[in-house]
Amino acid sequence: MKKFLYILLAFTILSSCSEYQKVLKAEDIAPKFKMGEALYNEGKFEKANRLFAQIVPNYRGKPQAEKLMYLYSNSFYKMKDYYVAGYQFERFASSYPSSEKVEEASFLSAKSYYMLSPVYTKDQTETTEAIEKLQNFINLFPESQYLEEANKLVKELEFKLEKKAFEIAKQYNKIAYRSDELIAAIKSFENFIFEFPGSTLREDAMFYILDSAYKLAVNSVEYKQTIEGGARQVEHLRKNRLEKGKEYCSVFKKSFVNSKYMEEVNRMAEEIDKELQHYHTES
């Protein structure tokens, strides 16, 4: 009995494949549409897509074109071919602006670009484009049922850009030893805070500014021959850097009272005060 069922199943599959190949090779477009829609509803998107691709040009201007173009566009999305899906959904939205599916198509078009956004360590051109597409959707459909998801996707993409910029700045801090490198690290984090004022990484960025300023004041080495004026000017420059580091410590403590970095910040502040005490004693 079990053997009979296997044979019956194999026969059914072969018959189905044979019918599909027959319709695929046929000239008549109506059976292609009918079978394509049936396959689409069964979740067989690749097979449906092959049939739709054959008949799309033939249905232009016809009443069935709107439905066909939606199914065709969405079959690409279901196949995870997001490049083509984004483009096809955009075409659908511009071709059928009065369609009941235009809102959904516009959202799925924007979401297709979101799906193409790479990890933050890679080039973020697609991420920027996806944010633009989603923002355009939000502006066009401010009352959309997809609004909450669209806003969530935008925030996720924006954080990816923040993370990229933050990690670049952090790398400056990690490799910096010379004064010019530490100054570049401080500037990089200041630019990050200016570009992303509401970032959740603001506390971390402020800490690394302080950390770079601390290293610049306490650990960096200036050679007398590099600064006109010799040892006196070197000491004056170092004192200014220590005072700047103390200022950064004060600002950080006031801004982030319960910071996870507070113990380290207090240690830096104590060492800076200790170094400044040397100059106060001299005075």
Side-chain angles (χ1 to χ4, degrees), residues 9 11-118 126-154 156-157:
L9 179 62
F11 178 77
T12 303
I13 292 171
L14 288 172
S15 298
S16 176
C17 291
S18 176
E19 181 65 20
Y20 174 75
Q21 290 298 326
K22 182 180 176 182
V23 173
L24 192 66
K25 294 174 182 178
E27 296 292 329
D28 194 357
I29 61 174
K32 292 179 189 287
F33 195 158
K34 184 178 179 181
M35 178 173 276
E37 186 177 359
L39 290 167
Y40 176 93
N41 291 333
E42 291 172 14
K44 298 175 181 177
F45 301 111
E46 291 188 20
K47 284 188 172 183
N49 182 272
R50 287 186 66 189
L51 290 169
F52 293 152
Q54 289 185 344
I55 60 176
V56 162
N58 304 90
Y59 276 90
R60 287 200 183 107
K62 295 183 178 181
Q64 305 96 320
E66 180 184 325
K67 182 178 183 180
L68 173 61
M69 285 306 299
Y70 172 81
L71 295 176
Y72 184 52
S73 302
N74 205 30
S75 65
F76 282 111
Y77 186 85
K78 296 294 187 181
M79 290 160 56
K80 299 184 179 181
D81 189 345
Y82 298 117
Y83 280 106
V84 180
Y87 170 72
Q88 291 295 347
F89 273 127
E90 279 184 343
R91 285 188 62 195
F92 177 88
S94 61
S95 299
Y96 305 101
S98 301
S99 171
E100 64 177 19
K101 291 286 189 180
V102 70
E103 180 183 319
E104 181 185 354
S106 297
F107 173 68
L108 289 176
S109 175
K111 190 173 180 179
S112 294
Y113 288 95
Y114 160 84
M115 298 299 290
L116 293 170
S117 172
E126 285 93 347
T127 301
T128 302
E129 185 175 14
I131 291 172
E132 290 176 359
K133 298 290 183 181
L134 283 162
Q135 197 58 59
N136 286 341
F137 170 79
I138 291 167
N139 294 339
L140 283 171
F141 302 96
E143 304 297 326
S144 173
Q145 61 178 311
Y146 304 107
L147 187 64
E148 184 177 349
E149 185 178 358
N151 282 318
K152 182 181 177 182
L153 297 180
V154 169
E156 186 179 326
L157 293 170

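We number each residue from 1, following the sequence as shown.
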Next item on the list: Compare all side-chain heavy atoms of Pro142 with those of Leu147 and state whether any distance is below 4.5 angstrom.
Entry: no
Check: Where do Val23 and Lys32 come nearest, in terms of heavy atoms and distance?
Finding: O-NZ, 2.8 Å
Note to self: Counting only heavy atoms from other residues, nucleotides and ligands, does the tally under 6.0 Å from CD of Gln64 exceed 12?
What the structure shows: yes
Next item on the list: Would you sort out whether Lys47 and Glu42 count as a salt bridge (Lys or Arg N to Asp or Glu O under 4.0 Å), showing the intermediate values?
Entry: CA-CA 10 Å; Lys47 284 188 172 183; Glu42 291 172 14; over 6 Å; no
Note to self: Over 60° means perpendicular and under 30° means parallel, so tell me whether Tyr72 and Phe76 are parallel, tilted or perpendicular.
What the structure shows: perpendicular
Notebook entry, point to check: With a cut-off of 6.0 Å (strictly less than), are more than 12 heavy atoms of other residues, nucleotides or ligands near OH of Tyr87?
Noted result: no
Check: When rounded to the nearest 0.5 angstrom, what distance separates CG in Asn151 from CD in Gln135?
Finding: 7.5 Å
Next item on the list: State the CD-CG distance between Glu129 and Leu116, to the nearest 0.5 angstrom.
Entry: 8.5 Å
Margin query: Any non-hydrogen side-chain atom of Gln21 less than 4.5 Å from a side-chain atom of Leu24?
Written below: yes
Item checked: Heavy-atom pair with the smallest gap, counting every atom of Ser117 and Glu126 -> CA-CB, 4.3 Å
Check: Counting distance only, does the side-chain N/O of Ser95 pair as donor-acceptor with the main-chain N or O of Phe92 below 3.5 Å?
Finding: no
Margin query: Pairing donors with acceptors under 3.5 angstrom, does anything connect the side chains of Tyr77 and Gln88?
Written below: no
Notebook entry, point to check: Once the angle between the rings of Phe137 and Phe107 is folded into 0 to 90°, is it parallel (under 30°), tilted (30 to 60°) or perpendicular (over 60°)?
Noted result: tilted
Item checked: Gap between atom CZ of Phe52 and atom OH of Tyr59 - 0.5 Å precision -> 10.5 Å
Next item on the list: Please report the shortest heavy-atom distance between Ala85 and Ser112, naming the atom on each side.
Entry: CB-OG, 3.7 Å
Next item on the list: Report yes if some heavy atom in the side chain of Tyr114 is under 4.5 Å from a heavy atom in the side chain of Glu156; otherwise report no.
Entry: yes
Check: Is the number of heavy atoms from other residues, nucleotides or ligands under 6.0 Å of Glu100 CD greater than 12?
Finding: no
Check: NZ of Lys80: more than 12 outside heavy atoms within 6.0 angstrom?
Finding: no
Next item on the list: First locate atom CG of Leu68, then atom CD1 of Ile55, and finally report the distance between them rounded to the nearest 0.5 Å.
Entry: 5.0 Å
Item checked: Test: Lys101 and Glu66 ion pair at under 4.0 Å -> no
Check: In Å, rounded to the nearest 0.5 Å, how long is the span from CG of Leu108 to CZ of Phe89?
Finding: 4.5 Å
Notebook entry, point to check: Looking at side-chain heavy atoms only, is the closest gap between Ser106 and Val102 below 4.5 Å?
Noted result: yes
Next item on the list: Provide the closest heavy-atom pair for Gly61 versus Ala65 in the form atom of the first, atom of the second, distance.
Entry: N-CB, 4.4 Å
Next item on the list: Write down the atom of Glu103, the atom of Ser144, and the distance for their closest heavy-atom approach.
Entry: OE2-OG, 2.6 Å
Check: Looking at CG of Leu153 and OH of Tyr113, how far apart are the two atoms once the value is rounded to the nearest 0.5 Å?
Finding: 15.0 Å
